[in-house]
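Chain A is the first sequence line, chain B the second, and so forth, proteins listed ahead of strands; every chain is numbered from 1.
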Amino acid sequence: MTEHNFFNNVYELVKLIPFGRVTSYGAIAKYLGSKSSSRMVGWALNASHVPDFDIPAHRVVNRNGQLSGKAHFGGNRMQELLEKEGIEVENDKVKHFKELFWDPEVLTP
DNA sequence: GTGGTGACGACAC
DNA sequence: GGTGTCGCCACCA
């Protein structure tokens with residue numbers, strides 16, 4: 001059963017992101033134990049293109065709150081989804097990002 | 001087996 | 001304060 005550790009942890013974590021909340025690659029990477037591995041987080045989310053992965057990757061943005069992966073969603077799909085959740089997006093960036101930011105360490109006991 | 005790349009982050013200058 | 005460079009680990013050619 002998916003013992004891929006790093007990748008699998010990313011999937012599980014992203015799925016745990018609450019509605020109307022966002023997180024950053026660095027936060028996930030840091031939670032996994034390697035803050036510098038933020039690139040791997042993006043690569044892991046790359047699997048979100050697979051139907052089996054019900055991952056709200058649109059809730060994951062970079063440290064600046066910018067929708068860095070928007071282009072991979074195929075247009076403004078990412079922004080549409082975020083706005084649909086009540087998240088205000090402007091200039092491809094999440095407004096009040098720090099307020100909407102969800103830290104995985106907060107949820108974990 | 002090696003090299004290059006990648007949805008980022010932090011540090012140096 | 002902005003730009004440039006390195007680092008991180010996994011996948012593809």
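For residues 92-102 of chain A, proximity to DNA chain C is found at no residue, defined as any non-hydrogen atom under 4.0 angstrom from a strand atom. In the region residues 74-89 of chain A, proximity to DNA chain B at under 4.0 angstrom, judged on heavy atoms, holds for none of the residues. Contact check of residues 61-70 of chain A against DNA chain C (heavy atom, cut-off under 4.0 Å) returns no residues at all. Within residues 35-47 of chain A, the residues approaching DNA chain B are A:Ser38, A:Arg39, A:Met40, A:Gly42, A:Trp43, A:Leu45, A:Asn46, by heavy-atom distance under 4.0 Å.
Closest approach of A:Phe19 and A:Lys84 over heavy atoms only: CZ-O, 4.2 Å. Heavy-atom minimum distance, A:Met40 versus A:Phe7: O-CE1, 4.2 Å.
A 4.5 Å side-chain heavy-atom check between A:Trp102 and A:Leu16 finds at least one atom pair inside the cut-off. Side-chain contact between A:Tyr25 and A:Ser68: present, with at least one pair of heavy atoms (C-beta onward) separated by less than 4.5 Å. You'll find the side chain of A:Thr23 reaches within 4.5 Å of the side chain of A:Pro104, heavy atoms only.
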For a quick test of your reading: what N or O donor-acceptor pairs under 3.5 Å do the side chains of residues 72-83 of chain A make, sequence neighbours left out?
| from | atom 1 | to | atom 2 | distance (Å) |
| --- | --- | --- | --- | --- |
| A:Arg77 | NH1 | A:Phe73 | O | 3.1 |
| A:Gln79 | NE2 | A:Glu83 | OE2 | 3.4 |

Distance-only criterion, 3.5 Å: show the donor-acceptor pairs between side-chain atoms of residues 54-63 of chain A and protein atoms not counting sequence neighbours.
| from | atom 1 | to | atom 2 | distance (Å) |
| --- | --- | --- | --- | --- |
| A:His58 | NE2 | A:Glu85 | OE2 | 3.1 |
| A:Arg59 | NE | A:Glu85 | OE1 | 2.9 |
| A:Arg59 | NE | A:Glu85 | OE2 | 3.1 |
| A:Arg59 | NH1 | A:Ile17 | O | 2.8 |
| A:Arg59 | NH2 | A:Glu85 | OE1 | 3.4 |
| A:Arg59 | NH2 | A:Glu85 | OE2 | 2.8 |
| A:Asn62 | OD1 | A:Asn64 | N | 3.1 |
| A:Asn62 | OD1 | A:Gly65 | N | 3.0 |
| A:Asn62 | OD1 | A:Gln66 | N | 2.6 |

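Comparing the P positions of C:dT5 and B:dT5 gives an interatomic distance of 15 Å, to the nearest angstrom. If you take atom P in C:dC6 and the same atom in B:dG4, they sit 14 Å apart, rounded to whole Å.
Summarising the geometry, atom CD1 belonging to A:Ile28 is positioned 12.0 Å from atom OG belonging to A:Ser37; distances are rounded to the nearest 0.5 Å. Summarising the geometry, atom CG belonging to A:Leu45 is positioned 10.5 Å from atom CZ belonging to A:Phe53; distances are rounded to the nearest 0.5 Å.
A ring pair (Phe, Tyr, Trp, His ring centres under 6.0 Å) check over residues 76-98 of chain A, counting only residues at least two apart or in different chains, returns the pairs A:Phe97-A:Phe101.
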Below 3.5 Å is the cut-off: list the nitrogen or oxygen pairs between protein and nucleotides 2-4 of chain C, distance only.
none

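Distance alone, capped at 3.5 Å, places no donor-acceptor pair between the A:Asn91 side chain and the A:Lys93 backbone.
Consecutive Watson-Crick or G-U pairing (both distances under 3.5 Å) extending over three or more pairs maps onto DNA chain C as B:2-6 with C:9-13, B:8-13 with C:2-7.
Under a hydrophobic-cluster definition in which Ile, Leu, Val, Met, Phe, Trp and Tyr are linked whenever side-chain heavy atoms come within less than 4.5 Å, directly or via other members, A:Val14 and A:Ile87 are assigned to different clusters. Note on A:Val50 and A:Trp43: same hydrophobic cluster, where clusters join Ile, Leu, Val, Met, Phe, Trp and Tyr whose side-chain heavy atoms are under 4.5 Å apart, directly or indirectly.
Within 4.0 Å of A:Ala71, counting heavy atoms only, lies no atom of the nucleic acid at all.
In this view, A:Lys70 and A:Asp92 satisfy the side chain to side chain donor-acceptor pair (under 3.5 Å) rule, not counting sequence neighbours.
Protein chain A touches strand DNA chain B; the 5'-most and 3'-most nucleotides with an atom under 4.0 angstrom of its non-hydrogen atoms are B:dG6 to B:dA10.
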